[in-house]
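The block underneath contains the structure these notes are about, expressed in structure tokens.
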Amino acid sequence: MATLRDIQRRIRAVKSTRQITRAMKMVSAAKLRRAQGRMLELRPYADKMQSVIEGLAARTKEEAHPLLAVRPRHNVEVLVITSDRGLCGAFNTNILRSASALMAELGKEEVNSVSGGPVDAGVSVVGKKARDYYRRRRIEVSNTWVGLSGKISFREAQQIAAGMTSRFIEGDLDEVYMVYNEFVNVIRQQVRAVKLLPMAAGEEAAGVAEAGPAAGYIYEPSEELLLDALLPKNVEVQVYRALLESQASEEAARMSAMENATKSANEMIEKLTLQYNKARQATITAELMDIVGGVEALKAS
């Protein structure tokens, strides 16, 4: 049975942990406000740009630009975006589970009926958690970007996008997917797996394109120059958006996790305090019984 000193030591330890989790929750709340503000500012721009690109893709031939080229699926890359730090609940676990399921699904597919053979699904990672996850499983990672948590800028997004687009244009990759956590609200983050390359028309844009020549575009100065400027920029914007969404989701998940940890610490302190009081009362009762027994023994003598 635990002694009073042991129970007191456990109460002090839990109180110290509670102080840490409470402070981490406050820090995450402050970081979340900044990350959420940046994300909400970019969302309309990224959505509108993606819509415009889908409209262009629906009215443009695949040969017009390398980023529109649809090839047989031989080599596929999955960009997995996680955090650099833990203590954020199931944030990283959900991402890694979804990415592994996507890679397994792609790996089971056949290239086509002529050449046969499975699709080669590779992985690139953002964040130390994804890097360590695949390193422990001895899975080769094509590219790794770490140390971005809390200091994401458009320059990092440009570097990641440039690596993907260059490999796609050179023919090393036939498709590129991106798996990340989309911020829904403070208590809910949704895992998304989206195709980054090649750029294709959305269902709505494809339906409009089928309407006929009246739905066409007039290019100025030229179709080639316009696509050269817009398509790589859209890849950068979508990667940047995913990074900001992931950053906001990470801080929200960490804030919720620390709040739950603080509540659990409070409950544990209450239980330990009750246990301490019961043990102290039992000790006092035993001492009183010893004193009464001693007094009765003296009277009897």
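In this structure, R38 contributes its side chain and R34 its backbone to no donor-acceptor pair below 3.5 Å. Between the T82 side chain and the V126 main chain, a donor and an acceptor come within less than 3.5 Å of each other. Side-chain N or O atoms of S166 include one that pairs as donor or acceptor with a backbone N or O of G163 at under 3.5 Å. Judged by distance alone, the side chain of S249 and the main-chain N or O of E245 form a donor-acceptor pair under 3.5 Å. Q189 places a side-chain N or O within donor-acceptor distance of the main-chain N or O of V186, the cut-off being under 3.5 Å.
For the pair V125 and L79, the tightest heavy-atom approach, listed with the atom from each and the gap, is N-CD1, 4.5 Å. The two residues L243 and I152 have their closest heavy-atom pair at O-CD1, 3.3 Å. Nearest heavy atoms, F91 versus A253: CB-CB, 3.9 Å. Contact record, G86 with R254: O-NH2, 2.9 Å, taken as the closest heavy-atom pair. Of all heavy-atom pairs between A57 and A200, the closest is CB-C, 3.8 Å.
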Exercise for the section: Decide side chain to side chain donor-acceptor pair (under 3.5 Å) for Q281 and N277; before the verdict, give the C-alpha distance in whole Å, the side-chain angles of both, and the deciding distance to 0.1 Å. Expected result: CA-CA 6 Å; Q281 185 177 9; N277 291 335; over 6 Å; no

Handout entry: Intermediate values then yes/no, side chain to side chain contact (heavy atoms under 4.5 Å, CB included), T60 and L227
Key = CA-CA 10 Å; T60 305; L227 294 177; 3.9 Å; yes

Practice task
Show your reasoning for whether side chain to side chain contact (heavy atoms under 4.5 Å, CB included) applies to N181 and I81.
Solution key: CA-CA 8 Å; N181 263 308; I81 301 177; over 6 Å; no

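Every residue meeting the side chain to side chain donor-acceptor pair (under 3.5 Å) condition with N92, not counting sequence neighbours, appears here in chain and number order: S83. Under the rule for a ring pair (Phe, Tyr, Trp, His ring centres under 6.0 Å), Y180 has no partner lying at least two apart in sequence or in another chain. E251 meets the side chain to side chain donor-acceptor pair (under 3.5 Å) test with Q247; sequence neighbours excluded. By the side chain to side chain donor-acceptor pair (under 3.5 Å) test, S142 pairs with E77, sequence neighbours left out. The salt bridge (Lys or Arg N to Asp or Glu O under 4.0 Å) check on K233 picks up E236, with sequence neighbours excluded. Partners of Q158 under the side chain to side chain donor-acceptor pair (under 3.5 Å) rule, at least two apart in sequence or in another chain, do not exist in this structure.
Among residue pairs with one or both ends in residues 171-181, those qualifying as salt bridge (Lys or Arg N to Asp or Glu O under 4.0 Å) are R71-D174, R73-E175, E175-K195; sequence neighbours excluded. Sequence neighbours left out, the pairs with a member in residues 8-23 that pass side chain to side chain donor-acceptor pair (under 3.5 Å) are D6-R9, Q8-Y276, R18-N266, T21-T262. Here side chain to side chain donor-acceptor pair (under 3.5 Å) pairs that include residues 144-154, with residues two or more places apart or in two chains, are D84-S149, S153-E156.
Atom CZ of R280 sits in a sparse spot, with 12 or fewer heavy atoms from other residues, nucleotides or ligands closer than 6.0 Å. The local environment of CD in Q159 is crowded, with over 12 non-hydrogen atoms from other residues, nucleotides or ligands closer than 6.0 Å. More than 12 non-hydrogen atoms from other residues, nucleotides or ligands lie less than 6.0 angstrom from CZ of R137. Heavy-atom contacts from other residues, nucleotides or ligands closer than 6.0 Å to CD1 of I187 number 12 or fewer.
Looking only at atom types and distance, the side chain of D120 has no donor-acceptor partner in the side chain of H74 under 3.5 Å away. Donor-acceptor pairing under 3.5 Å is lacking for the side chains of R155 and Y240.
Between the CD1 atom of I169 and the CG atom of L67 there is a distance of 4.5 Å, given to the nearest 0.5 Å. In this structure, I7 CD1 and Q275 CD are separated by 4.0 Å, a value rounded to the nearest 0.5 Å. Separation of atoms CE (M49) and CG (N234) is listed at 5.0 Å; rounding is to 0.5 Å. Separating the CG atom in L56 from the NE2 atom in H65 is a distance of 11.5 Å, to the nearest 0.5 Å. Atom-to-atom distance recorded for K25:NZ and M255:CE is 7.0 Å, nearest 0.5 angstrom. In this structure, CG in L197 is found 11.5 Å from CZ in R167, a value given to the nearest 0.5 Å.
In this structure, L225 is not a member of the same hydrophobic cluster as V235, with clusters built from ILVMFWY side-chain heavy atoms closer than 4.5 Å. In the hydrophobic clustering of ILVMFWY residues, with side-chain heavy atoms under 4.5 Å counting as a link, F183 and Y45 come out together. Following chains of ILVMFWY side-chain contacts shorter than 4.5 Å, one cannot reach L32 starting from V27, and the two form parts of different hydrophobic clusters. A continuous path of Ile, Leu, Val, Met, Phe, Trp and Tyr side chains, each step under 4.5 Å between heavy atoms, connects I11 with L4, placing both in one hydrophobic cluster. One hydrophobic cluster holds both L230 and L196 under the rule that ILVMFWY side chains link at heavy-atom gaps under 4.5 Å.
V70 forms part of no hydrophobic cluster, judged by ILVMFWY side-chain heavy-atom separations under 4.5 Å. Cluster partners of I20, by chain and number: M24, L87, M258. The rule joins Ile, Leu, Val, Met, Phe, Trp and Tyr whenever side-chain heavy atoms lie under 4.5 Å apart.
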What side-chain donor-acceptor pairs closer than 3.5 Å can you find for residues 128-135, not counting sequence neighbours?
unit_1, atom_1, unit_2, atom_2, d
Y133, OH, S100, OG, 3.3

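Contact annotation: the side chain of V179 approaches that of V78 to within less than 4.5 Å [non-hydrogen atoms, C-beta and beyond]. E250 is not listed as a side-chain neighbour of S28, based on a closest heavy-atom distance of 4.5 Å or more.
Each of V123, V80, V76 was evaluated against Y177; a single residue qualifies, V76, per the side-chain contact (heavy atoms from CB on, under 4.5 Å) test.
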